[in-house]
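Inspection log for the structure reproduced underneath, given as structure tokens.
Chain identifiers are assigned alphabetically (A, B, ...) following the order of the sequence lines, protein sequences preceding nucleic acid strands; residue numbering begins at 1 within each chain. Quantities reported herein were computed from a predicted structural model and do not represent experimental measurements.
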2 protein chains.
Amino acid sequence: MRVLIVEDAADMAEAVRGHLHRAGMTCDVAGTVAAAEDHLAVTTYDALVLDIHLPDRTGTELLRDLRARGLRVPVLMLTALFSVDDRVSALDHGADDYLVKPFDHRELEARLRALIRRNAAQKGEELKLGRLSWNPATLGARVDDERIDLTRRETVLLGLLIRNAGRTMSKERLYEGLFSFSDTDVGLNAIELYIARLRKKLAGSGVAIETRRGLGYRMDTDG
Amino acid sequence: MRVLIVEDAADMAEAVRGHLHRAGMTCDVAGTVAAAEDHLAVTTYDALVLDIHLPDRTGTELLRDLRARGLRVPVLMLTALFSVDDRVSALDHGADDYLVKPFDHRELEARLRALIRRNAAQKGEELKLGRLSWNPATLGARVDDERIDLTRRETVLLGLLIRNAGRTMSKERLYEGLFSFSDTDVGLNAIELYIARLRKKLAGSGVAIETRRGLGYRMDTDG
DNA sequence: GCCAAGCTGTCATAAACCTGTCAGGGCGCG
DNA sequence: CGCGCCCTGACAGGTTTATGACAGCTTGGC
């Protein structure tokens with residue numbers, strides 16, 4: 001769950017970030033459209049929270065550009081105006097939902113979750129590999145019918161690997177998925193650590209995490 | 001049991017909310033079709049109580065749209081008119097039941113419960129797990145044949161957990177099911193509290209509520 | 001109405017355990 | 001062989017969860 005918040009009012013942005021973070025989402029903040037585009041060029045997000053009024057350009061313009069480029073990431077617009085025109089305009093430009101300021105943080109969270117879930121549902125659930133299966137909805141992993149308990153980070157890491165089974169994931173890519181920019185100063189070593197822990201818990205599952213020296217890791221059926 | 005009340009007369013809406021609340025249901029109120037749609041976009045309800053006459057559009061139109069979208073949530077219509085036409089019209093548009101104002105609140109509650117039960121019946125009744133059983137219709141819980149007394153919130157929480165037995169439910173998800181938007185400022189901590197209380201009452205029932213740190217809670221047979 | 005009983009949710013404190021660093025050693029590749 | 005990358009056990013924080021005590025509200029009985 002990685003979310004980009006595009007909002008120039010620093011206190012507002014921080015408040016939203018705090019709430020979503022507590023809700024288990026990883027958040028980055030951009031104060032301008034330019035900054036937002038920089039983030040988007042580098043990282044893949046599960047959703048955007050987008051203010052309409054920004055210093056350099058309007059959020060609507062950013063949204064239109066994104067859709068023109070074929071990006072289908074869920075977007076929730078924020079607006080200070082309660083006007084049907086604004087709402088229609090936002091939805092016309094490809095927003096998935098909108099919210100009028102001031103809003104209840106729990107409502108923002110709930111709607112965002114709904115958007116992300118809706119989006120994720122289209123991609124299909126319950127991934128399997130060898131005798132291992134993983135369900136992103138229930139956060140459960142099983143080998144045959146026996147459950148394996150994973151911690152939060154292990155769960156995220158397994159998700160990244162199994163969704164890209166057969167492909168080599170660079171350590172940096174995994175790092176990005178696992179930690180947000182605000183997780184200050186976590187060493188790359190942490191990835192190695194979680195790979196090791198995951199390997200231990202996945203022993204005998206018919207699935208292996210191969211090390212590809214200098215390139216990254218690849219999950220695949222073992223043997 | 002989460003119910004959305006769509007009614008523009010505030011006093012009427014509040015009265016209904018009060019009664020259903022006392023009957024152990026979690027209620028949200030929407031005064032317009034637009035507001036109702038916003039709620040529906042965010043949350044899943046077990047039933048709708050829908051007035052026909054609303055400020056922006058008619059309840060019938062909302063109902064038709066819902067059915068067109070394939071939503072099969074049980075809907076009980078309220079109408080001030082005693083007219084066979086109105087009744088037929090409502091049922092034609094996909095309402096499951098209707099009630100003519102003024103009505104007895106106990107009747108509303110009974111019919112609503114019947115609708116929910118009918119809907120739940122399709123999904124299978126009387127949930128069992130270990131030596132614990134829970135009846136969604138009567139909201140009663142038993143261990144073997146001995147009844148255990150649960151408070152309202154405990155009942156709702158048990159329902160959420162047992163319906164999703166074996167699945168990890170995030171604290172936020174439980175929170176959504178347990179508290180409505182009008183329960184202002186209830187801390188997430190409250191979930192932990194009710195988990196603790198439920199665990200105490202469920203001791204020796206063969207059922208355990210496991211903590212998955214950072215992820216949520218999971219109910220399952222213990223041992 | 002009024003009172004008692006019980007349900008609710010907050011707070012503070014303690015416990016549990018997840019996280020990430022470090023360091024020592026292993027292994028592959030040039 | 002040597003360098004650099006990777007593995008992994010142990011450990012110190014730090015964050016999340018558990019739980020008892022308490023005050024405000026509701027509810028139901030009288």
Side-chain angles (χ1 to χ4, degrees), chain A residues 18 21-26 106 139 148-158 168-172 174-175 177-180 182-203 208-218, chain B residues 14-15 17-27 105-106 109 139 141 148-158 161 168-175 177-180 182-203 208-219:
Chain A
H21 180 260
R22 225 165 305 148
M25 305 183 187
T26 302
R106 276 179 297 158
L139 303 177
I148 309 180
D149 279 340
L150 301 176
T151 69
R152 193 154 61 100
R153 293 251 126 109
E154 289 163 358
T155 301
V156 175
L157 181 57
L158 173 56
T168 299
M169 300 285 286
S170 75
K171 212 187 287 185
E172 289 73 18
L174 296 174
Y175 187 95
L178 216 45
F179 304 101
S180 75
S182 53
D183 285 322
T184 53
D185 297 329
V186 177
L188 267 183
N189 185 322
I191 298 297
E192 295 163 22
L193 178 61
Y194 282 109
I195 291 285
R197 287 178 176 157
L198 208 45
R199 277 180 175 146
K200 201 173 289 181
K201 291 196 179 179
L202 261 43
I209 303 174
E210 304 163 44
T211 300
R212 307 201 61 202
R213 247 180 136 64
L215 296 173
Y217 296 92
R218 181 175 60 190
Chain B
E14 196 42 42
R17 205 190 65 74
H19 277 272
L20 296 184
H21 179 262
R22 226 163 304 148
M25 305 181 186
T26 302
C27 300
H105 282 289
R106 277 171 303 171
E109 183 199 323
L139 301 178
I148 45 181
D149 282 335
L150 299 178
T151 70
R152 198 167 61 85
R153 294 252 127 112
E154 289 164 357
T155 302
V156 175
L157 182 57
L158 172 57
L161 289 170
T168 300
M169 300 285 284
S170 76
K171 216 187 290 186
E172 289 74 18
R173 184 107 174 267
L174 296 173
Y175 188 97
L178 211 46
F179 302 101
S180 65
S182 55
D183 288 320
T184 54
D185 296 329
V186 177
L188 268 182
N189 186 323
I191 298 296
E192 292 160 23
L193 178 61
Y194 282 107
I195 291 284
R197 287 178 177 158
L198 207 45
R199 275 179 178 149
K200 203 170 288 182
K201 292 197 180 179
L202 262 42
I209 303 173
E210 302 164 48
T211 300
R212 299 195 63 198
R213 216 157 247 271
L215 295 172
Y217 295 92
R218 183 175 56 197
M219 173 170 279

Practice problem: Using atom CG of A:Leu188 as one end and atom P of C:dC22 as the other, report the distance to the nearest whole Å. | Solution: 13 Å
Self-check item: For the student: nearest non-hydrogen atoms of B:Lys171 and B:Leu188, plus distance
Solution: CD-O, 3.9 Å
Self-check item: Nearest-nucleotide 5' precedence on DNA chain D, A:Ala196 against B:His21
Solution: A:Ala196
Self-check item: Minimum-distance nucleotide (side-chain atoms of B:Arg153 versus C:dT8, D:dC6, C:dC17)
Solution: C:dT8
Quiz prompt | A:Lys201 bridged to A:Glu154 by N-O distance under 4.0 Å | solution = yes
Self-check item: Nearest heavy atoms of B:Gly177 and B:Thr26, plus distance in Å
Solution: O-OG1, 3.8 Å
Quiz prompt | Of the listed nucleotides C:dA23, C:dG20, C:dG9, the one nearest the side chain of A:Phe179 | solution = C:dG20
Quiz item: Over how many whole Å does the gap from B:Glu192 atom CD to C:dA16 atom C1' extend?
Solution: 13 Å
Quiz item: Within less than 4.0 Å of OP1 or OP2 of C:dC18, is there a side-chain N or O belonging to B:Arg212?
Solution: no
Quiz item: Reckon A:Lys200 has a side-chain N or O less than 4.0 Å from the OP1 or OP2 of D:dG9?
Solution: yes
Quiz item: Where the side chain of B:Thr151 is defined as all heavy atoms beyond and including C-beta, which of D:dT19, C:dC7, D:dG9 is the nearest nucleotide?
Solution: C:dC7
Practice problem: Mind calculating the distance between CD1 (B:Ile195) and C1' (D:dT17) to the nearest angstrom? | Solution: 11 Å
Self-check item: Taking every non-hydrogen atom, the tightest pair across B:Arg17 and B:Cys27
Solution: CG-CB, 3.5 Å
Quiz prompt | Nucleotide C:dT10, atom C1' - distance to CD1 of B:Ile191 in whole Å | solution = 14 Å
Quiz item: Within this structure, what is the NZ-to-P distance between A:Lys201 and C:dC17, rounded to whole angstrom?
Solution: 12 Å
Quiz item: For D:dA18, does either OP1 or OP2 sit under 4.0 Å from a side-chain N or O belonging to B:Lys171?
Solution: no
Practice problem: Starting at atom CG of A:Asn189, determine the distance to atom P of C:dG24, rounded to an integer number of angstrom. | Solution: 14 Å
Self-check item: Spatial distance of atom OH (A:Tyr217) from atom OG1 (A:Thr168) [nearest 0.5 Å]
Solution: 12.0 Å
Quiz item: In terms of side-chain heavy atoms of B:Leu193, which of C:dG9, D:dC7, D:dG9 is nearest?
Solution: C:dG9
Quiz item: Nearest to the side chain of B:Thr211 - D:dC6, D:dT19, D:dA18?
Solution: D:dA18
Practice problem: Determine the contact category for A:Asp185: base if any of its heavy atoms lies under 4.0 Å from a base atom, sugar-phosphate if only primed atoms, P, OP1 or OP2 are that close, otherwise nothing. | Solution: sugar-phosphate
Exercise. Output the single nucleotide from C:dG20, C:dG9, C:dA16 whose closest atom is nearest the side chain of B:Tyr194.
Key: C:dG9
Quiz prompt | Length of the CG-P vector between B:Leu150 and C:dC7, whole Å | solution = 10 Å
Quiz item: Side chains of A:Phe179 and A:Asp185: closer than 4.5 Å at any heavy-atom pair?
Solution: no
Quiz item: Separation of A:Leu178 atom CG from C:dG20 atom P, in whole Å?
Solution: 7 Å
Exercise. Between D:dC7, C:dC7, C:dG26, spot the one nearest the side chain of A:Arg213, thanks.
Key: C:dG26
Self-check item: Of B:Arg197 and B:Ile209, the one whose closest DNA chain D nucleotide lies more 5'
Solution: B:Ile209
Self-check item: A:Val186 or B:Arg152, whichever maps to the more 5' nucleotide of DNA chain C
Solution: B:Arg152
